[in-house]
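Chain letters run A, B, ... following the sequence lines, proteins first and then strands; every chain starts at 1. Note that the structure is a prediction, hence the values are computed from the model and not measured.
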Amino acid sequence: MARYLYMEEVPFKPQAFERAAESLESSKEDVKEIYKKGGLKALMEIPGVGKSIARHIEEYIKKGKIKDYENFKKRMPLKMDEMVRVEGLGPKKIKVLYKELGVHDLKTLEKAAKAGKVAPLFGFGETTEKNILQGLEFLKRDKGRFLISEILPIAREVKEKMEKFKGVDKVDIAGSLRRGKETIGDLDFLVIAEDSKRIMDFFVSLPGVEKVWGKGGTKASVRMRYGFDMDLRVIPNKSYGAALQYFTGSKEHNIITRKIAIEKGLKLSEYGLFHGSKMVASHTEEDIYKKLGMACPPPEIRENAGEVEAALKNELPKLIDLKYIKGDLHVHSNWQDTDGGKDSVEALAKYAISLGYEYIGISDHTKTLKIERSLNEKELLEQVEYIKKLNKSFQISNATFGSPSGSRKFQILAGCEANILKDGSIDIDDKVLEELDYVIAGVHSFLKMEKAEMMARIKKAMQNPNVDILAHPTGRVVGQRDEYAVDIDEILKIAKDTGTILEINSSSRLDLRDIYIRKAKNHGVKMIINTDAHKKEQMNLMEYGILQARRGWAEKGDIINTLPIEELLRHF
DNA sequence: GCCGTTTTCGGCCCGACTGTTTTCAGTCG
């Protein structure tokens, strides 16, 4: 609706529809549910939704379509959604393309541009035509959002390169990456530099840059070969905090903070916090939040999900941090796969020590998992004995691995990642499970069960007294697989009743997801952040589990692998 | 079309950048 209204040059309505749309997209509750519970009135409680838009929503819920929208489409039958995705094309240009050339989708757009029909149009030109064709090519290769673990290393590399560049004082990553979101659309860099033109030239000629969308005096934007965009902003030193706050977002968080500024008779922009024309804060984020009468919320929770209220009352959570993690309990060894790239228990333990850990848990797959070779009862018992022996040698040689004092000893725990079978039983005999230091159980088969059946299955597994941890509780894989049919509230309740610890899996699963972590915390359910490493380097994925946990407001006390070994074992 | 602890009328975020109509409209974030 907003885009069609832009086309018709209706004043102010497009922004109103956009605002309502954003509000609906970010709504934590299903809109249909809201309507079911409270009707039109409840819909009008949604920010940006008034009488008219509420009626539109009602119409859509009842009839599956909206008459006004259908009328727009009749007048201008074109695939708006796909066309606006072409960089540089907005509603106004699309309207001209349709009226003059009958262009109505990407195919007809490409045909017209290739035939040279776009350039002569009023308001277009050779460059615009070329940009459209290039935009279409990029769109074909577009992979959507990237998993944070794919993109953070690239971002750090770019940051380092710019930091080394002559005349650069400071570089920071802002945007959704700074907030630790599980997927990232593009990268935002902020820079303080003596000579903005030079750093900008350097930025647009970085290796991997495929196209320069734009380059001016203070900002530049490029498309990378990998398929994402990077934006650079050069910021004056005195505005740095304001800029960092502004470009970190989220948008919803910024709207709220700006409103608080207005209530105090101030104005907040990317250049600073102003009283009239007088700048009252701008140098650091902390200064700005302080002048707004609030504590500075960690970037990971800036989503307008209660953090502003908490910050105003100075009741922000003290979020979990990598430095509190004392060990990783979901690690696979070469016992389950001798010819793969996996590492030995010794190599894994040494690596864990190098990360500053005090313990590691070996949790190889068990027998019924056919995708990877896995351990049966006999082999598990052998591994327990092996680890016992190894622990003795590690106690002796611990000092050689850089332990700061002789008093701390490193410990390897013997665990497993057992399978929860279709009926909820565990694929390893309970007598053997009892011999292990701890047991992780997870669903790895029959992922498409009905909810009731799946919940009964998981419940039975969690009730097994030998099961300590529920691995990747909802089964989703970011960008690849949805969660299986589970009821998270029920899982939390069972976890509370049985004392089962829920895993925050740091691999591409990122499961539990952030909102579930927050729910778990509020229910008093304990969690553990594991990497699910299949070789030692993957133990570095811990960082992503931490970010996820922080986004879920988790504190040190919510995460059990912050505990010293004795307390951890007592927990099990 | 939405919104209001200064307002139920009269505002609506705005700066940066590009290309083209060469002084500003369209797009983006």
(request) Between dG1(B), dT21(B), dG29(B), spot the one nearest the side chain of D231(A), thanks. (result) dG29(B)

Could you list, one pair per line, each protein nitrogen or oxygen that sits under 3.5 Å from a nitrogen or oxygen of nucleotides 22-28 of chain B, together with the distance?
unit_1, atom_1, unit_2, atom_2, d
dG26(B), OP2, K92(A), NZ, 3.4
dT27(B), OP1, G90(A), N, 2.7
dT27(B), OP1, G90(A), O, 3.0
dT27(B), OP1, K93(A), N, 3.0
dT27(B), OP2, K92(A), N, 3.4
dC28(B), OP1, G88(A), N, 2.9

(message) Using 0.5 Å steps for rounding, measure from the OG atom of S149(A) to the CG atom of N540(A).
(response) 12.0 Å

(message) For DNA chain B, which residues of residues 170-201 of chain A approach it to below 4.0 angstrom with any heavy atom?
(response) none

(message) Please classify the nucleic acid contact of P11(A) as base, sugar-phosphate, or nothing, using heavy-atom distances under 4.0 Å.
(response) nothing

(message) Less than 4.0 angstrom from a charged side-chain N to a carboxylate O is my criterion; do E126(A) and K130(A) meet it?
(response) no

(request) For dG4(B) and dC13(B), measure between their P atoms and round to the nearest Å. (result) 13 Å

(request) Identify, residue by residue, the members of residues 50-62 of chain A with a heavy atom below 4.0 Å from DNA chain B, and return them in order of residue number, or none. (result) G50(A), K51(A), S52(A), I53(A)

(message) Taking ring-ring contact (aromatic ring centres under 6.0 Å, His included) as the cut-off, I'd like each qualifying pair that reaches into residues 85-106 of chain A, sequence neighbours left out, listed once.
(response) none

(request) Check salt bridge (charged side-chain N to carboxylate O under 4.0 Å, His left out) between R179(A) and all other residues, then give those that pass, not counting sequence neighbours. (result) E303(A)

(request) For dA16(B) versus dG11(B), give the span between their P atoms, rounded off to a whole number of Å. (result) 25 Å

(request) Using a strict cut-off of less than 4.0 Å between a Lys/Arg side-chain nitrogen and an Asp/Glu carboxylate oxygen, indicate whether R476(A) and D511(A) qualify as a salt bridge. (result) no

(request) Provide the distance between the two P atoms, one in dG10(B) and one in dT18(B), to the nearest whole Å. (result) 40 Å

(message) Please report the distance separating the P of dT21(B) from the corresponding atom of dT27(B), rounded so that it comes out in whole Å.
(response) 15 Å

(message) Using whole Å, what does the distance between atom C1' of nucleotide dG11(B) and atom CD of Q15(A) come to?
(response) 13 Å

(request) Figure out the CG/P separation between L40(A) and dC2(B), and round it to whole Å. (result) 12 Å

(message) Can you list everything that forms a side chain to side chain contact (heavy atoms under 4.5 Å, CB included) with D482(A)? Sequence neighbours excluded, please.
(response) none

(request) Using a 4.0 Å heavy-atom cut-off across all strands, classify V10(A) as base, sugar-phosphate, or nothing. (result) nothing

(request) Check side chain to side chain contact (heavy atoms under 4.5 Å, CB included) between Q538(A) and all other residues, then give those that pass, not counting sequence neighbours. (result) A533(A), H534(A), K535(A), L541(A)

(message) Please pick, from dA16(B), dT21(B), dG1(B), the nucleotide with the shortest atom-to-atom distance to any side-chain atom of A16(A).
(response) dG1(B)

(request) Please report, rounded to the nearest Å, how far the P atom of dG11(B) is from the CZ atom of R19(A). (result) 19 Å

(request) Decide whether T128(A) and N131(A) meet the rule of one side-chain donor and one side-chain acceptor closer than 3.5 Å. (result) no

(request) For dC17(B) versus dT23(B), give the span between their C1' atoms, rounded off to a whole number of Å. (result) 15 Å

(message) Tell me the interatomic distance from E126(A), atom CD, to dG19(B), atom P, rounded to whole angstroms.
(response) 13 Å

(message) For the P atoms, the ones on dT20(B) and on dG26(B), what distance do you get once it is rounded to whole angstrom?
(response) 14 Å

(message) Can you pull out every salt bridge (charged side-chain N to carboxylate O under 4.0 Å, His left out) where at least one residue sits in residues 206-228 of chain A? Sequence neighbours excluded, please.
(response) R141(A)-E210(A), D201(A)-K215(A), R223(A)-D229(A)

(request) Sort and list the pairs that fulfil ring-ring contact (aromatic ring centres under 6.0 Å, His included) and have at least one residue in residues 118-173 of chain A, not counting sequence neighbours. (result) F138(A)-W213(A), F146(A)-F228(A), F165(A)-F202(A)

(message) Using a 4.0 Å heavy-atom cut-off, does E18(A) contact any base of the nucleic acid, only the sugar-phosphate backbone, or nothing at all?
(response) nothing

(message) Which nucleotide, if any, forms a Watson-Crick or G-U wobble pair with dT8(B), using both distances under 3.5 Å?
(response) none

(request) Check the surroundings of atom NE2 in H275(A): do more than 12 heavy atoms from other residues, nucleotides or ligands lie under 6.0 Å from it? (result) no

(message) Checking E483(A) against Y516(A): is there a side-chain donor and acceptor pair closer than 3.5 Å?
(response) yes

(request) Calculate the interatomic distance between F17(A) atom CZ and dC2(B) atom C1'; express it in whole Å. (result) 10 Å

I'd like a table of donor-acceptor pairs (distance under 3.5 Å, sequence neighbours excluded) in which one partner is a side-chain atom from residues 255-266 of chain A, with atom names and distances.
unit_1, atom_1, unit_2, atom_2, d
T257(A), OG1, H253(A), O, 3.1
T257(A), OG1, N254(A), O, 2.9

(request) Kindly state which residues belonging to residues 239-265 of chain A come within less than 4.0 angstrom of DNA chain B, counting heavy atoms of the residue only, listed by number. (result) none

I'd like a table of donor-acceptor pairs (distance under 3.5 Å, sequence neighbours excluded) in which one partner is a side-chain atom from residues 76-97 of chain A, with atom names and distances.
unit_1, atom_1, unit_2, atom_2, d
D81(A), OD1, R3(A), NH1, 2.9
E82(A), OE2, L106(A), N, 3.0
R85(A), NH2, D142(A), OD2, 2.8
K95(A), NZ, M7(A), O, 3.2

(message) Checking contacts here: which listed nucleotide (dC3(B), dT18(B), dG15(B)) is nearest the side-chain heavy atoms of K215(A)?
(response) dT18(B)

(request) Looking only at side-chain atoms of T218(A), point me to the closest of dG15(B), dC17(B), dG1(B). (result) dC17(B)

